[in-house]
Amino acid sequence: MNKYFKTFFNGIITENPTFVLMLGMCPTLAVTTSAINGIGMGLSTTAVLMLANLLIGILHGIIPDKVRIPSYIVIIATFVTVVDLVLQAFVPSLYSALGIYIPLIVVNCIIFGRAESFASKNGPLLSLVDGLGMGLGFTGAITIIGLVREFFGAGTAFGIDVLGRIPGFTPISTFIMAPGALFVVAILTALQNKLKAPSATNTPEGEARMACGGNCANCAGAAFVHNKELIDKRNAQIEAEKAAAKKAAAEKAAAAKMAAAEKAAAGAVKAAANAGGEVKK
Amino acid sequence: MSANTMYNVSTNPHVLHKDSTQSIMRDVTYALIPATVFGIVNIFMHSAAAGINSLLTVIVSIASAVAAEYVWEKCMKKPITTGDWSAVVTGLLIGMNMPPRIPLYMPILGSVFAIIIVKQLFGGIGQNFMNPALAARCFLLLSFGSYMNNFLIDGATVDGVSSATPIAILKGTAEGAYPALGKLFIGNVGGTIGETSALLLIIGGLYLIYRKVISWKIPVIYTAVFAVFMLIFGGHGFDLNFVLCEVFGGGLMLGAWFMATDYVSSPITPNGQIVYAVILGCLTGIFRVFGNSAEGVSFAIIFTNILVPIIEMYTMPKAFGREGEKK
């Protein structure tokens, strides 16, 4: 049971997708104009994440490795369509507030990241718990961002008037515009660094905590690292061939020059000999 | 000379000029004071309440900018730089960019934003990538559009100051009489506290050129390119009156002489300054003619501030003796 709890809290705190892994920044910046939108977006993503993780956890033994990405897209897109239609049917106001960002959950990198780095290596139940933890971590993070932006940008919290009760108050509407999202995320990250809380670049071990788990040996990018030697070798060979060709050409040119010089010298000697002959005569 | 003499070995510069950040910033402050005082007095003549509010706006902007710098540097345990007058200039420029009847907490918010977010977070004086005062103005303009664009003064009896800004009238976004050029040049028109008097701003700018604080390049080329742009694309044909109204009517004089020439956020290379001024002139024209708002100087300047590193990269002069070398 301990394993499940650990996986669950890993998603919420240790590897929080927004504040630690810095994944899914597009919905984080775009839809957090209010806390309610944050919760809506977070819970939609959580539902997709859990179901996709579960199915991928079941199917990962069957899906061939070479076509896993298209397969994941099909699985994720299926669940996104389900969520999209459910939202449209039951919470039309939230559906219209989130707009294009619901279909865009298909390409959300949190879902892909977890499918690739967790669900494809673990069993279905553990993957489901990971999806729940990650989803709730994402929900919590974007709700906090949404709350801060809504509080300053509109003077409300979860739609309830707070600052607006102060007479003469005008909301700082920059906070609910695009620059506000960047300000708030940057300031929250700065606080996190200041307080030495875990983040993508700020770990007690002093090493980067990346979405891929930091295991470079099994990374797709590792293929390039392994092949680097071969590539270098081939490049070196090409360079050597070029150098050899150049050298040969230079030698040829030098030989030609030498021959010409010899010829000239011979001519000169001949001339000198002739002159000598004349003198002799 | 014995072999034991100790020599002081140091890196250049070996000759120190008497100019310092403090003296330059003080000159800028002196140059800005006439236009500010004129603006406040002019508003006061029409409405005492608005005049007092303008005076308080300027004082509060300066005080909060200096206080924000002091508190931040104290908290971050950095050397205190409030003595170099740069925060005073930033605060004064913010105050000059406020409309007369702004609620006082808005300039405070602007000053804190300018000093902490735009200046100190990027490393303090000399490190900010855009003009702090203008960034604060744009922040307030986006946040409190209705307050920042309200230039009406209650209780005004004389027309002119009580109306909208001249360029807003020219653009047709506000009702009002077509401004007379002489009145507009002296500054007896509506606008923010410090931008109205083109005459005093130009005198301040000339003082800075005389003191060798700024070069003529940026303000003159900026204004000229803008005027040409307005002649061609302004939509009024070859109407010199219209062009002069556009040049002297809005924030262009304040922006061109005092904010585009900010040392930190303008190019350091001579050719780069020309490129910078041309881009500024065109962008201001584009924002004024094709934008929603009548004013475009502040957005043009902060946008071009971001391009400065690229401009400098391509206009770096060759060192003496290396002119003939190929890259």
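Just so it is clear: chains get the letters A, B, ... in the order the sequence lines come, proteins before strands, and each one is counted from 1.
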Under 6.0 Å from the [atom1] atom of [X], do we count more than 12 heavy atoms belonging to anything else shown?
| X | atom1 | result |
| --- | --- | --- |
| A:M177 | CE | yes |
| B:Y70 | OH | no |
| A:F183 | CZ | yes |
| B:F290 | CZ | yes |

*Checking B:L109 against chain A: side chain, backbone, both or neither under 4.5 Å from a heavy atom?*
side chain
*Which bit of B:I117 comes within less than 4.5 Å of chain A, counting heavy atoms only: side chain, backbone, both or neither?*
side chain
*Could you tell me which non-hydrogen atom of B:F139 sits nearest to which non-hydrogen atom of A:T174, and how far apart they are?*
O-OG1, 3.3 Å
*Which atom pair, heavy atoms only, marks the closest approach of B:L142 to A:S173?*
O-OG, 3.3 Å
